[in-house]
There are 2 protein chains.
Amino acid sequence: MPTMRDVARLADVSIATVSFVINDTKPVAPATRARVEEAMQQLGYRRNALGRALASKRTRIIALLYPALQRRLSETAVKFFTSATQTAKDLGYNLVLWPISNDAGQIEELISSGFIDGVLLMEVQLDDARVERLQRSTLPFALIGRTRHPEELPYVDVDFENSMIEAVSYLEGLGHSRLCFVDSGGAEHALSGYGPVVRSRATFAAEVERRGLESVHLSCEESPMSGQNAAEKLLETAPDTTAVILMNDNASFGFLNGLNRRGIDVPGDMSVLLIGSTPDGAAATDPRLTVLTLPSTELGRMGVETLVDQLEEPGGPMRQAVVICCFEEGQSTGPVQR
Amino acid sequence: MPTMRDVARLADVSIATVSFVINDTKPVAPATRARVEEAMQQLGYRRNALGRALASKRTRIIALLYPALQRRLSETAVKFFTSATQTAKDLGYNLVLWPISNDAGQIEELISSGFIDGVLLMEVQLDDARVERLQRSTLPFALIGRTRHPEELPYVDVDFENSMIEAVSYLEGLGHSRLCFVDSGGAEHALSGYGPVVRSRATFAAEVERRGLESVHLSCEESPMSGQNAAEKLLETAPDTTAVILMNDNASFGFLNGLNRRGIDVPGDMSVLLIGSTPDGAAATDPRLTVLTLPSTELGRMGVETLVDQLEEPGGPMRQAVVICCFEEGQSTGPVQR
DNA sequence: CTGAAAGCGCTTACAG
DNA sequence: CTGAAAGCGCTTACAG
């Protein structure tokens, strides 16, 4: 691997000048620049990122932190990751998925290693020890999601409250007055205070109350089988329900299947509205689901922008933003019968 | 952030001595060692990985390369990643998921950046341009999967050939003579020559031929809906089939559902054997599927070991290994009727 | 517009 | 057992 020194020697300039050319950080005479570029070309020179990082005190690497990497990465998560990666690249950074377990030591180690410039924290809990740890450090960070009290934190989150209100309002507009909310929370989500689930539940409860609607709520794990079981449970416990809000990507196929087995027609007998999924997720069933899609691409982009803001202007104002889900009509919702 | 220099000053030794203590790389007098450790403690010192990397010419970072990050990351992929991460940690390395697109430049850039010591390449194709590129570089690497001619390459792969033979043999042992193989290849997999699909197909064809069995083959995308469609297609085109080998995690629920809708009992009328999945994948349906599980944890561990071998002994012999799937009986297979 | 030099935070022969 | 010094490959005031 040729170094800057090799290039400088071949082009007959100082290494400083080579650096100026590469970084375009000081004016260089056209002829000199040409010589340097020629030399780099000839040697196949590529700047060593380690040397650069040590000297400039910036690695230009951003770590995406997933808590103990979940069972699987949903399409939403992958789209988010892809978008974040691209945005980082556009802004001159590399984004990498850095796996660390949630226990005390590891995050400290990552922070103090000097390998990364900043952290994008995923799956933020309402009360999140990792956030406190990051706040105590000097490492810039941004949250995807937000804690219970995010006033002083840079974050991007989905506006589950308003998305839920939109969902309830849409169904009420179709004449439905007996709703069910099926969330994606196994026991662990409820206990750990995972924002999207907690906020959605609370908003659902408040909204049906406010509007004087009847409602039930079911928790359902992320699998077709659980979805099927949830459907059966619904038909047992609240057979009068006419509309369901489903916040569970992997349960949708099983849920519709469960209804279908009992002879329940969608949307004839029951409207089903998917929330927080993707267009592909909505297309995973027959009939295609009406959906409020999670803006994962936007979320990825904004997350990185929020972090890079912190990186480039450390003391500066921090962005805080929520983005709303996007309504997309399918064939699974319709006016109430009877 | 305190540096080694600060520690040295406080402990009244040279920075070399501090380094010896930290790395345990030369004998240090007990009293001196104690002073140094005391100083480190007091300052909350943590070695800067960048400085270390530049001086030692090793970053101790391994990049896991996923091609253009698929639609989603399966449970298998996540388990693999988790296991690889842990193994790397045990061996003194950090494993990170480094997203790069497949186009020419990016892999070069990663290689020459100096940020990583080695590469673990996932989803290897039979003819893989990335492998050629890595071979031209001096960067150590290891493959998960293998190319058409992997003789000179370090790799770990699943033995799909023998797993398929075991599957066919098992079903034939139950008296089945009309088999169907449902793979997980959309058009893209077939065209791109993805080893597991190509090898499984070929072995299935050869085995049924060799044993004089009847067979059909269906391609099916990774979704419940596609599985359901595949079941219907099977019942149309080859209704006499009595056993199915299913290599498709996300289609299994839909596939069984498709059979069920047509009144086909599993395993009474049709045996279904899942191949290349996980125990959880087998439990995603009712009845629970008999399965040949992918040894993803083992694969992750061995993949990292193979790479680290190359890192620690550059010219040394390279490991090549295949691991077989593990049979686990469920309730979806049984003797042929009639 | 260009260069000499210090320095980023470490490791590692070399000497004693 | 310990230290002085060179060096890893860059960036960045500073000087001219």
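Per chain, numbering begins at 1; letters A, B, ... match sequence-line order. Worth saying up front: this structure is predicted, and the values here are computed from it rather than measured.
The distance from atom CG of B/L50 to atom C1' of D/dC8 is 11 Å, rounded to the nearest whole Å. If you measure from atom CE of B/M40 to atom P of C/dG9, you get 17 Å, rounded to the nearest angstrom. In this structure, A/F115 places its CZ atom 12 Å from C1' of C/dC10, rounding to the nearest Å. Across the protein-nucleic acid pair, B/N23 atom CG and C/dG9 atom P stand 17 Å apart, rounded to whole Å. Distance CZ (A/R5) to C1' (D/dC8): 11 Å, rounded to an integer number of Å. Between the P atom of D/dG3 and the CZ atom of B/R9 lies a distance of 14 Å, rounded to the nearest Å. Following rounding to the nearest Å, A/I15 (CD1) and C/dT2 (C1') show an atom-to-atom distance of 13 Å.
A donor-acceptor pair is defined here as one N or O able to donate and one able to accept, closer than 3.5 Å; such a pair exists between the side chain of A/Q320 and the backbone of A/P150.
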Practice prompt. Under the side-chain contact (heavy atoms from CB on, under 4.5 Å) rule, what do B/T147 and B/Y155 come out as? Steps first, then yes or no, please.
Written response: CA-CA 9 Å; B/T147 58; B/Y155 68 82; over 6 Å; no
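Applying the side-chain hydrogen bond (donor to acceptor under 3.5 Å, both in side chains) test to A/R130 and every residue at least two apart in sequence or in another chain returns A/D128. Among residues two or more places apart in sequence or in another chain, the side-chain hydrogen bond (donor to acceptor under 3.5 Å, both in side chains) test is passed with B/K26 by none. Checked against salt bridge (charged side-chain N to carboxylate O under 4.0 Å, His left out), A/R9 has the following partners two or more places apart in sequence or in another chain: A/D6. Partners of B/R33 under the side-chain hydrogen bond (donor to acceptor under 3.5 Å, both in side chains) rule, at least two apart in sequence or in another chain, are B/D24. Judged as a salt bridge (charged side-chain N to carboxylate O under 4.0 Å, His left out), and not counting sequence neighbours, A/R52 has no contacts. Partners of B/N23 under the side-chain hydrogen bond (donor to acceptor under 3.5 Å, both in side chains) rule, at least two apart in sequence or in another chain, are B/S19, B/R47.
Within a 6.0 Å sphere centred on CD of B/E152, other residues, nucleotides and ligands contribute 12 heavy atoms or fewer.
In this structure, of D/dG3, D/dC1, C/dT11, it is C/dT11 that holds the atom nearest to the side chain of B/M4. Listed nucleotides: D/dC10, C/dT11, D/dA4. Nearest to the side chain of B/S14: D/dA4.
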Sub-3.5 Å pairs of nitrogen or oxygen atoms, protein against nucleotides 13-16 of chain C:
{"residue": "C/dC14", "atom": "N4", "partner": "B/K26", "partner atom": "NZ", "Å": "2.8"}

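Put simply, B/S19 has a side-chain N or O that comes within less than 4.0 Å of OP1 or OP2 on C/dT11.
Listed by first then second residue, pairs satisfying side chain to side chain donor-acceptor pair (under 3.5 Å) with a partner in residues 112-121 of chain B read B/T59-B/D117, not counting sequence neighbours. A salt bridge (Lys or Arg N to Asp or Glu O under 4.0 Å) check over residues 295-315 of chain A, counting only residues at least two apart or in different chains, returns the pairs A/R58-A/E312, A/R301-A/E305, A/E305-A/R319, A/D309-A/R319. Residue pairs meeting the side chain to side chain donor-acceptor pair (under 3.5 Å) criterion with at least one partner in residues 136-146 of chain B, sequence neighbours excluded, are B/R146-B/D157.
Nucleic acid contact class of B/R47 (heavy atoms, under 4.0 Å, all strands): sugar-phosphate only. Among the atoms of the strands shown, only primed sugar atoms or phosphate atoms (P, OP1, OP2) are found under 4.0 Å from some heavy atom of A/R46.
Two residues, B/M1 and B/T25, neighbour DNA chain C, and the one matched to the more 5' nucleotide by heavy-atom proximity is B/M1. DNA chain D is contacted by both A/Y45 and B/A31; B/A31 maps to the nucleotide lying nearer its 5′ end (nearest heavy atom per residue).
At a non-hydrogen distance threshold of 4.0 Å, B/G51, B/R52, B/L54, B/A55, B/S56 from residues 51-62 of chain B come into contact with DNA chain C.
Stem analysis of DNA chain C (Watson-Crick or G-U pairs, both distances under 3.5 Å, runs of at least three) returns C:1-3 with D:14-16, C:5-12 with D:5-12, C:14-16 with D:1-3.
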